[in-house]
Amino acid sequence: MRLPQIAPWLLAAATLPLSLTVSAEECGHVTIADMNWNSATMLAHLDQFILQHGYGCDAELVPGDSIPTTTSMIEKSEPDIAPEMWSNTMREALDLGVNEGRLRYAGVTLSDGGEEGFWVPAYMVEDDPSLKTLAGVKAKAQLFRHPEDPERSAMMGCPAGWTCQITTEHLFEALKLADAGFELVDPGSGAGLAASIAKAYERKAPWFGYYWAPTAVLGKYEMVKVDFGTGVDVEHYQSCITQADCLDPKPTMYPPSPVDTVVTEKFARRAPEALAYLSKRAFTNAQMNKMLAWMEDNQADGESATDYFLQQNESMWTQWVSPEAAKRIKKAMSAR
């Protein structure tokens with residue numbers, strides 16, 4: 001994976017007077033995993049800019065992905081920072097690394113956690129508030145007409161071959177949606193699923209189906225997550241709903257997926273001020289959805305997204321850093 005070019009304005013702090021810099025020796029050379037999805041690459045560039053200009057770190061981006069990054073951090077203490085780690089997929093390995101004193105959970109990246117569910121458009125709920133519940137959706141199943149069979153209702157499922165196909169099919173069965181007249185429709189691909197939401201919004205048409213956050217789609221189109229009325233049974237979700245061979249699925253809402261910032265213990269010990277920033281840096285799904293929608297609409301990379309975020313959300317990011325770091329960051333921004 002080719003690393004993005006660093007724009008000249010990102011190097012602006014190199015020209016700051018010594019009185020406005022912090023000790024680079026304390027923070028030292030820092031490597032940050034730049035993972036290959038939009039929210040993760042935006043966070044990597046954001047952390048690079050703030051750590052470099054706010055805290056004097058010699059921050060470098062390196063290619064990353066969930067499994068190889070976790071393995072490398074445990075075995076080699078490299079990279080120093082993984083800004084967006086979906087911890088459920090690597091929980092056992094991450095916890096082992098923490099217990100062995102190699103890794104540390106620095107903070108929560110997404111304060112809501114990764115979010116999955118069955119959704120309907122907000123405009124439908126505005127017209128009929130009962131549709132924010134599964135009971136309401138079932139009672140109005142005829143609204144969600146199947147495109148190929150007017151006698152049936154359609155629920156858009158997760159694309160075949162994705163992990164969420166298993167959970168969606170099990171919950172479709174457990175919630176007895178077929179008995180209410182629904183058929184689970186395979187959208188064919190992630191793009192097909194997103195397009196079905198966009199098409200419904202253009203026509204203000206009914207739509208019911210699976211989706212997740214944070215995503216650009218939920219940043220562009222306001223959707224309401226349907227309440228199953230069941231609460232969350234994490235144990236059953238993990239032991240049955242996520243397992244292909246589950247024979248007796250029971251209703252449960254999707255539990256949130258923890259999304260954390262993970263650092264090496266060596267980095268945590270040598271750079272406490274930088275660690276304090278990472279412990280506070282968090283987005284809600286709504287905030288990240290909007291950033292992802294902006295990135296998609298503007299074909300923006302992580303560097304451009306960082307520039308936009310810092311300019312548009314000063315009241316947000318200044319809460320994450322010290323007042324002195326905020327001054328240095330603003331000076332670096334003005335020098336671009």
Side-chain angles (χ1 to χ4, degrees), residues 1-4 30-48 51 59-100 102-116 158-159 161-168 189-190 210-218 234 237-238 241-244 254-268 275 278-279 281-283 285 288-289 291-292 295 301-302 305-306:
M1 175 180 175
R2 182 176 65 83
L3 290 179
V30 179
T31 48
I32 303 170
D34 184 4
M35 300 189 187
N36 60 354
W37 60 90
N38 277 353
S39 56
T41 196
M42 189 278 282
L43 286 164
H45 282 80
L46 177 65
D47 289 349
Q48 180 192 35
L51 292 179
E60 176 191 3
L61 300 183
V62 297
D65 209 343
S66 300
I67 295 175
T69 293
T70 300
T71 302
S72 180
M73 291 177 78
I74 293 172
E75 295 181 354
K76 303 176 182 179
S77 291
E78 297 177 353
D80 295 293
I81 302 169
E84 185 181 324
M85 188 68 76
W86 288 67
S87 306
N88 272 353
T89 60
M90 296 292 293
R91 177 61 66 183
E92 185 174 344
L94 289 168
D95 286 349
L96 179 63
V98 170
N99 292 335
E100 292 180 347
R102 299 170 184 265
L103 301 180
R104 187 184 296 193
Y105 293 108
V108 176
T109 305
L110 297 176
S111 56
D112 303 326
E115 190 174 13
E116 296 177 271
C158 176
W162 289 23
T163 303
C164 53
Q165 181 189 19
I166 296 171
T167 60
T168 303
S189 66
Y210 168 87
Y211 219 76
W212 72 97
T215 54
V217 167
L218 295 190
V234 176
Y237 178 83
Q238 293 175 343
I241 300 299
T242 60
Q243 306 302 312
Y254 284 91
S257 299
V259 183
D260 301 304
T261 298
V262 178
V263 302
T264 62
E265 187 62 28
K266 289 181 179 179
F267 168 79
L275 182 69
L278 293 172
S279 72
R281 191 261 293 122
F283 288 75
N285 280 336
M288 185 58 77
N289 286 341
M291 277 303 306
L292 294 174
M295 289 179 74
D301 59 12
T306 289

Any chance you could lay out the ring-ring contact (aromatic ring centres under 6.0 Å, His included) test for Trp86 and Trp37, step after step, and finish with the verdict? CA-CA 12 Å; Trp86 288 67; Trp37 60 90; 7.7 Å; no

Go through the steps to decide whether Thr167 and Glu116 satisfy the test side-chain hydrogen bond (donor to acceptor under 3.5 Å, both in side chains), and finish with yes or no. CA-CA 10 Å; Thr167 60; Glu116 296 177 271; 4.7 Å; no

So does Glu92 have more than 12 non-hydrogen atoms from other groups sitting under 6.0 Å from CD? no

Measuring from atom CD1 of Ile81 to atom CG of Asp34, what distance do you get when rounded to the nearest 0.5 angstrom? 12.5 Å

Residue pair Ala44 / Ala33: nearest heavy atoms and the distance that separates them: CB-O, 3.6 Å

Can you check whether Thr264's main-chain N or O pairs, donor with acceptor, with Asp80's side chain at less than 3.5 Å? no

Interatomic distance, CG@Leu278 vs CZ@Phe267, rounded to 0.5 Å, equals 5.5 Å

Cut-off 3.5 Å, side chains only: do Thr261 and Thr109 have a donor facing an acceptor? yes

How far does CG of Leu46 sit from OG of Ser39, to the nearest 0.5 angstrom? 12.0 Å

For Cys158 and Thr168, which heavy atoms make the closest approach, and how far apart are they? CB-OG1, 3.7 Å

Sub-4.5 Å side-chain heavy-atom contact between Leu51 and Ile32: yes

How close do Gln238 and Gln243 get, counting heavy atoms only, and between which atoms? O-NE2, 3.1 Å

Just wondering, do Met291 and Leu43 contact through their side chains at under 4.5 Å, heavy atoms? no

Hey, does Trp212 have a side-chain heavy atom less than 4.5 Å from the side chain of Asn285? no

State the CG-CD distance between Leu110 and Glu84, to the nearest 0.5 angstrom. 5.5 Å

Nearest heavy-atom contact between Ala106 and Val263 is CB-CG1, 3.8 Å

Are any of the side-chain heavy atoms of Leu275 and Arg104 separated by less than 4.5 Å? yes

Given 3.5 Å as the limit, does a donor-acceptor pair link the side chain of Asp260 with the main chain of Val108, or not? no

Once rounded to the nearest 0.5 Å, what's the spacing between atom CG of Leu96 and atom CZ of Arg91? 13.0 Å

Is there a side-chain contact between Glu115 and Pro256 (heavy atoms, below 4.5 Å)? no

Indicate the atoms forming the closest heavy-atom contact of Thr69 with Ala82, along with that distance. CG2-CB, 4.1 Å

Shortest non-hydrogen contact from Met288 to Pro214? CG-CB, 3.6 Å

Is Glu265 salt-bridged to Arg102, going by a charged N under 4.0 Å from an acidic O? no

The reported gap from OH in Tyr254 to OG1 in Thr242 (rounded to nearest 0.5 angstrom) is 10.5 Å

